[in-house]
Participant: 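Below: one structure in structure tokens.
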2 protein chains.
Amino acid sequence: MRLLLIEDERELADALSRALSKHGIVTDHTTHLADAFELTRQNSYDAILLDRRLPDGEGLTFIPMLRRTGTDTPVIVLTARNEPLERVEGLDVGADDYLGKPFLVDELMARLRAVLRRPPSLTELQITVGRMVIDPLHLSVTVESTPLDLPRRELLVLAALAKRKDKTVLRSTLEAAVYNYEEEIQSNALDAHISRLRKRLLDAGAGVAVHNIRGVGYLLKEE
Amino acid sequence: MRLLLIEDERELADALSRALSKHGIVTDHTTHLADAFELTRQNSYDAILLDRRLPDGEGLTFIPMLRRTGTDTPVIVLTARNEPLERVEGLDVGADDYLGKPFLVDELMARLRAVLRRPPSLTELQITVGRMVIDPLHLSVTVESTPLDLPRRELLVLAALAKRKDKTVLRSTLEAAVYNYEEEIQSNALDAHISRLRKRLLDAGAGVAVHNIRGVGYLLKEE
DNA sequence: CCGCGAAGATTGCGGCAGCATTACGGGGGA
DNA sequence: TCCCCCGTAATGCTGCCGCAATCTTCGCGG
């Protein structure tokens, strides 16, 4: 997936680009509306992230311009001006969504998915993998009907993986599943959890394997 | 326009109904999920407003239920629980938007307009080619429902090809899908990725072939 | 039908980023 | 007070991926 980011704060833009790249999203970045317009002509983006306050004008004016060229690429407006009335304004000129700064990258991702019309992920009540049954709502795990109690964080990781068993779960999704955004994470804590979780699953004979996809994330499958 | 409002606070519900009626919107109101489900079967709504905390359960669980019946009516979640992570949760189970209480009716209106304006399924969320199913948003690939893990770059190439299956994808488009501006490329790295991807797809028996159109690009089709 | 050049295919190599594992210690709960 | 969770960081390793060399295929012109 490829995004166009129109944002004049270098620092934020860089951070965002880096964060998005972890989701496998390629980000083009520009600080000016004029350049942005040119870029949309040369490339086809899946979505556009648009700041309101830009060096060469109010970002919102970009949207009608874009629409007039027949492009219906979704636009998500990012801005510190997050008053209700301003949100109305943004949505009414044709933005698809409006996100106040500061925001979680994961919320951005979620809104991206929503905007791109991601179909609903069915949430099952109980998930069976290998010899293990997981109830992600109640956070309980049993192996062959004997309960397995895992530390909280490992449990969260496992639940997040189980919800999408046999499919990759992005690393950042796992981080979001385990940490809220006050708890910043500045080490390989997640890796450590994965490692310990693996060991515990092995000891319990759960019949599952946590598999890594380098640069993308992890996935849970039967072994 | 006709809405379904699922909300257990009588007072808020009444006030909202009155306010919406001024905009020419007809509102059906119920306080329980069970009734709501019945109502969606009997009527066709333009959108659904959904509270999270309801007498008979968490409102979010309603969304997968609804989607499973094949209904893609937009759902806007209304709730006091407006923490970022909770918003992610809401959007990820298939809500189209999320609105924290208290909110302005005008903002609700704007979001309604935005949600109703969205073109139906801009990007498919799952693409099936041959024996393979690709989820370009979550970057996961399965062959006959067994996961296939591909390196990141090969994954991006495949996703780009799959999005336009049976159609040629320009070489430059592929490069754009895999690399951003900073990552310059001065070799046949893309060719190498294609080659390795082909091998992996063959080994996995994916039932697809990556064809080359000399001087133009590549295309993915079933074999 | 043949030859030639350009584009593509394939493969080994090496650097290095990302991952796995583990030990350590602080901190909180029983 | 003891135990275990869990964040941190050091260490070693794996395999992705950019690169380039070499071989193959394609298409065109004569």
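Lettering of chains follows the sequences in order, A, B, ..., and the numbering in each one begins at 1.
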Participant: Does dG18(D) have OP1 or OP2 under 4.0 Å away from a side-chain N or O of Arg153(B)?
Facilitator: yes
Participant: Take the angle between the ring planes of His193(B) and Tyr179(B) and call it parallel below 30°, perpendicular above 60°, tilted in between.
Facilitator: tilted
Participant: Rounded to whole Å, how long is the line connecting atom OH of Tyr179(B) with atom P of dC16(D)?
Facilitator: 14 Å
Participant: State which residues pass side-chain contact (heavy atoms from CB on, under 4.5 Å) with Ala192(B); sequence neighbours excluded, sorted by chain then number.
Facilitator: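 Partners of Ala192(B) under the side-chain contact (heavy atoms from CB on, under 4.5 Å) test: Arg196(B).
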Participant: Round to a whole Å and report the spacing from CG of Leu190(B) to P of dT11(C).
Facilitator: 17 Å
Participant: Decide, yes or no, whether a salt bridge links Arg53(B) with Glu58(B) under the criterion of side-chain N to carboxylate O below 4.0 Å.
Facilitator: no
Participant: Under the rule for side-chain contact (heavy atoms from CB on, under 4.5 Å), what residues qualify as partners of Ala13(A), not counting sequence neighbours?
Facilitator: Leu5(A), Glu7(A), His29(A)
Participant: Please say which of Asp97(A), Leu16(A), Leu50(A) ends up in a side chain to side chain contact (heavy atoms under 4.5 Å, CB included) with Leu78(A).
Facilitator: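 Of Asp97(A), Leu16(A), Leu50(A), side chain to side chain contact (heavy atoms under 4.5 Å, CB included) with Leu78(A) is met by Leu16(A) alone.
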Participant: Check the phosphate of dG18(D) against His193(B), side-chain N and O only, distance under 4.0 Å to OP1 or OP2. Yes or no?
Facilitator: yes
Participant: With sequence neighbours excluded, tell me which residues meet side-chain hydrogen bond (donor to acceptor under 3.5 Å, both in side chains) with Asp51(A).
Facilitator: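 Lys101(A).
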Participant: Quick one: Leu174(B) CG to dC17(D) C1', roughly how many Å, whole number?
Facilitator: 17 Å
Participant: Can you tell me if Asp96(B) uses its side chain to pair, donor with acceptor, with the backbone of Ile76(B) under 3.5 Å?
Facilitator: no
Participant: From CG of Leu197(A) over to C1' of dG7(D), roughly how many Å is that when rounded to an integer?
Facilitator: 17 Å
Participant: Under the side-chain contact (heavy atoms from CB on, under 4.5 Å) test, which residues partner Asp14(A), sequence neighbours left out?
Facilitator: Arg18(A)
Participant: Please name all residues satisfying side-chain contact (heavy atoms from CB on, under 4.5 Å) with Val133(A), sequence neighbours left out, ordered by chain then number.
Facilitator: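 Testing Val133(A) for side-chain contact (heavy atoms from CB on, under 4.5 Å), a comparison that skips the adjacent residues, returns Gln126(A), Thr128(A), Thr142(A).
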Participant: Considering the terminal five base pairs at each end of the helix from dC1(C)-dG30(D) to dA30(C)-dT1(D), what angle separates the two local helix axes, rounded to 10°?
Facilitator: 40°
Participant: Would you tabulate the nitrogen or oxygen pairs shorter than 3.5 Å linking the protein to nucleotides 26-30 of chain D?
Facilitator:
{"residue": "dC26(D)", "atom": "O2", "partner": "Arg214(B)", "partner atom": "NH1", "Å": "3.4"}

Participant: Keeping to residues at least two apart or across chains, list the side chain to side chain donor-acceptor pair (under 3.5 Å) pairs with something in residues 164-173 of chain B.
Facilitator: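 As it turns out, the side chain to side chain donor-acceptor pair (under 3.5 Å) pairs with a partner in residues 164-173 of chain B, which skip direct neighbours, are Arg171(B)-Asp191(B).
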Participant: Do nucleotides 20-30 of chain C as a string where each nucleotide becomes B, S or -: B if the base has a protein heavy atom under 4.0 Å, S if just the sugar-phosphate does, - if no protein is that close.
Facilitator: SBBB-------
Participant: If a pair satisfies side chain to side chain donor-acceptor pair (under 3.5 Å) and one of its residues is in residues 197-217 of chain A, list it, with sequence neighbours excluded.
Facilitator: Glu154(A)-Arg200(A)
